[in-house]
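Everything on this sheet refers to the single structure shown next.
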Amino acid sequence: ARIEDDPTWTAARVQDDRVEAARRLARATGAVALLKGEGTIVAHEDRVAIVTLGGSSLATAGTGDVLAGIIGAVLARGVDPWTAARAGATLHAAAG
């Protein structure tokens, strides 16, 4: 089932079960899913990683753009998407 077909996945439910939300999104899209927040979650296929670095300073406008740029730069170096997302999230959090 597609996530968009399940009306029970509200913003509150995502926050209540962030790991499962990221897993379902990754499975539904076949992509690497990254869910920013306290404990950034990266999911792909049956794998999940949680980046515990960072802090509230990353909860400001534009930090997601910076994160996307970091991941894009890592991808441009030929790194696979799963590794690029985890490395980008870790670098982003460490810089924050």
List the atom pairs, with distances to 0.1 Å, where a side-chain N or O of residues 89-96 and a protein N or O form a donor-acceptor pair under 3.5 Å, not counting sequence neighbours.
{"residue": "T90", "atom": "OG1", "partner": "R86", "partner atom": "O", "Å": "2.9"}
{"residue": "H92", "atom": "NE2", "partner": "T63", "partner atom": "O", "Å": "2.9"}

Name the atoms and distances for all side-chain donor-acceptor pairs under 3.5 Å in residues 39-50, with sequence neighbours left out.
{"residue": "T40", "atom": "OG1", "partner": "G37", "partner atom": "O", "Å": "3.4"}
{"residue": "H44", "atom": "ND1", "partner": "A31", "partner atom": "O", "Å": "3.4"}

### Query
Any side chain to side chain donor-acceptor pair (under 3.5 Å) pairs touching residues 67-76, not counting sequence neighbours?
none

### Query
What distance do T83 atom OG1 and L75 atom CG have between them, rounded to the nearest 0.5 Å?
10.0 Å

#### Entry: Hydrophobic cluster of L53, others only, ordered by chain and residue number, side-chain cut-off 4.5 Å
V51

### Query
If we only count heavy atoms from C-beta on, is the L25 to L35 side-chain gap below 4.5 Å?
no

### For the student: nearest non-hydrogen atoms of V79 and A84, plus distance
CG1-N, 3.7 Å

### Message
I need the full list of salt bridge (charged side-chain N to carboxylate O under 4.0 Å, His left out) pairs touching residues 55-82, with sequence neighbours left out, sorted by first then second residue.
### Response
none

### Message
Looking at every heavy atom in both G88 and I70, which two are closest together, and how far apart are they?
### Response
CA-CG2, 3.6 Å

### Task
Sequence neighbours left out, what passes side chain to side chain contact (heavy atoms under 4.5 Å, CB included) with E20? Give chain and number order.
W9, D17, R23, R24, R27

